[in-house]
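Atoms considered below: every heavy atom in the structure, side chains included; atoms not considered: hydrogens, waters and symmetry mates. For clarity, every value in this text was computed on a predicted model and none was experimentally measured.
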Amino acid sequence: MSEEMEKDLVSEEVSSDTDASLAETPETAENTGNENAHWYVVHTYSGYENKVKANLEKTIENRHLENQILEVRVPLQDVVEVKNGARKNVQRKMFPGYVLVNMDMNDETWYVVRNTRGVTGFVGPGSKPVPLTDAEIKPLGIKTDTVSVDFGVGDEIAVIAGVWKDTAGVVQRMDFGKQTATINVDLFGRETPVEISFAEVRKIDS
């Protein structure tokens with residue numbers, strides 16, 4: 001991480017009226033099924049953080065890069081504002097102008113992220129992407145436990161527990177942050193996507 005980013009991170013202090021708990025509690029794995037994935041910091045135009053997140057997630061879905069770009073996050077924090085004697089809980093971005101991306105850095109993923117509208121570059125010396133260290137990740141509440149699954153997008157899985165037990169379907173999408181797989185099920189005569197926990201499914205051997 002560059003000295004500039006480190007200064008930005010250090011300078012982001014929560015006021016005495018701030019609840020420092022993370023609104024977007026990142027109780028997710030840094031690496032879920034891709035051993036080469038790490039968290040990187042992407043610089044964006046001010047106010048474009050959520051747009052970058054939405055645009056990038058759409059591109060990931062369209063290009064089927066779910067197993068290479070695992071998660072995009074705009075870190076938030078709960079802040080207590082006091083106005084006219086009234087206390088109000090609001091959410092604020094922890095690091096305005098920055099987005100975190102958990103990804104396997106290669107030519108394709110670099111190109112996709114770098115060319116997302118609103119992105120100005122990766123944080124690192126000479127704009128060379130440098131992954132966050134465990135020490136840098138820890139204050140953000142991101143867990144770095146490794147979670148491994150033996151299936152991916154396009155594989156057929158069977159649901160072995162929960163509401164959709166005994167249902168089977170092809171994995172349409174995987175959310176490594178929430179540790180869920182999305183399959184289509186027949187609901188009221190039409191196919192409807194549902195999210196199933198990784199713990200409630202198993203791969204159907206072909």
Side-chain angles (χ1 to χ4, degrees), residues 24 26-44 48-75 98-124 128-132 137 142-160 162 164 167-187 190-206:
E24 195 176 284
E27 295 187 3
T28 60
E30 176 202 4
N31 180 2
T32 54
N34 189 328
E35 296 180 354
N36 296 318
H38 299 283
W39 284 98
Y40 294 87
V41 180
V42 176
H43 194 275
T44 73
Y48 273 71
E49 300 89 353
N50 291 330
K51 292 181 181 178
V52 166
K53 181 177 185 293
N55 290 339
L56 184 51
E57 288 177 339
K58 187 64 177 178
T59 302
I60 293 169
E61 181 179 354
N62 291 340
R63 294 198 178 201
H64 305 294
L65 294 173
E66 292 90 348
N67 292 332
Q68 296 186 65
I69 304 179
L70 309 183
E71 187 177 355
V72 184
R73 176 169 299 165
V74 179
Y98 296 99
V99 172
L100 303 182
V101 183
N102 187 14
M103 61 188 286
D104 178 353
M105 182 65 69
N106 55 50
D107 289 344
E108 182 179 14
T109 57
W110 179 92
Y111 180 87
V112 166
V113 174
R114 183 62 184 83
N115 288 279
T116 297
R117 185 178 181 182
V119 170
T120 62
F122 284 92
V123 171
K128 180 181 179 181
V130 175
L132 294 173
I137 291 172
I142 298 173
K143 292 186 177 181
T144 57
D145 300 332
T146 297
V147 176
S148 179
V149 293
D150 61 354
F151 56 85
V153 174
D155 289 333
E156 188 174 7
I157 58 175
V159 183
I160 58 177
W164 299 101
T167 301
V170 175
V171 178
Q172 306 297 322
R173 185 175 184 275
M174 296 181 68
D175 188 321
F176 293 100
K178 294 190 290 184
Q179 298 182 25
T180 60
T182 298
I183 63 172
N184 288 334
V185 301
D186 188 351
L187 189 62
R190 60 184 297 180
E191 283 197 339
T192 303
V194 297
E195 284 187 335
I196 312 292
S197 169
F198 287 165
E200 297 180 344
V201 302
R202 64 173 179 80
K203 181 180 179 181
I204 297 178
D205 296 326
S206 56

Return the minimal non-hydrogen interatomic distance between V99 and R73, and the atom names on each side.
-> CG1-O, 3.5 Å
N115, CG: over 12 other non-hydrogen atoms inside 6.0 angstrom | yes
With side chains defined as the heavy atoms from C-beta onward, is the minimum distance between V42 and T116 less than 4.5 Å?
-> no
Below 4.5 Å, heavy atoms only, C-beta onward: do E200 and W164 meet side chain to side chain?
-> no
List the atom of V171, the atom of G152, and the distance in Å for their closest heavy-atom pair.
-> CB-O, 3.4 Å
To the nearest 0.5 Å, what is the distance between CG (L100) and OH (Y40)?
-> 13.0 Å
Exercise: identify the closest heavy-atom pair between N106 and E108 | OD1-N, 3.1 Å
Would you indicate whether the side-chain heavy atoms of V159 and I183 approach each other to under 4.5 Å?
-> yes
Side chains of E66 and I60: does their closest heavy-atom pair fall under 4.5 Å?
-> yes
Interatomic spacing from CD in E71 to CH2 in W39 - rounded to 0.5 Å = 4.0 Å
Under 3.5 Å, is there a donor-acceptor pair between the side chain of T182 and the main chain of P193?
-> no
Answer yes or no: does atom CZ of F151 have more than 12 heavy-atom neighbours from other residues, nucleotides or ligands under 6.0 Å?
-> yes
Atom of V153, atom of Q172 and distance for their closest heavy-atom approach | CG1-O, 3.8 Å
Heavy atoms of I157 and A181 approach each other most closely as CD1-CB, 4.2 Å
d(I160 CD1, R202 CZ) to nearest 0.5 Å is 7.0 Å
Ionic contact status for K53 with E49, cut-off 4.0 Å | no
List the steps and the verdict of side chain to side chain contact (heavy atoms under 4.5 Å, CB included) for T180 and I196.
-> CA-CA 5 Å; T180 60; I196 312 292; over 6 Å; no
Do you know which of V72, N62, V52 makes side-chain contact (heavy atoms from CB on, under 4.5 Å) with E57?
-> V72
Report yes if the distance between the aromatic ring centroids of H43 and Y98 is under 6.0 Å, otherwise no.
-> yes
With rounding to the nearest 0.5 Å, note down the distance linking CG in L65 to OG1 in T59.
-> 8.5 Å
Over all atoms of both residues, closest heavy-atom pair of A168 and E156 = CB-OE2, 4.3 Å
Kindly say whether T120 contributes a backbone atom to a donor-acceptor pair with the side chain of R114 at under 3.5 angstrom?
-> yes
Without swapping roles, check the side chain of T44 against the backbone of G118 for a donor-acceptor pair under 3.5 Å.
-> no
Taken to the nearest 0.5 Å, the spacing of T167 OG1 from N184 CG works out to 12.0 Å
When rounded to the nearest 0.5 Å, the distance separating NE2 of H38 from CE of M103 is 11.0 Å
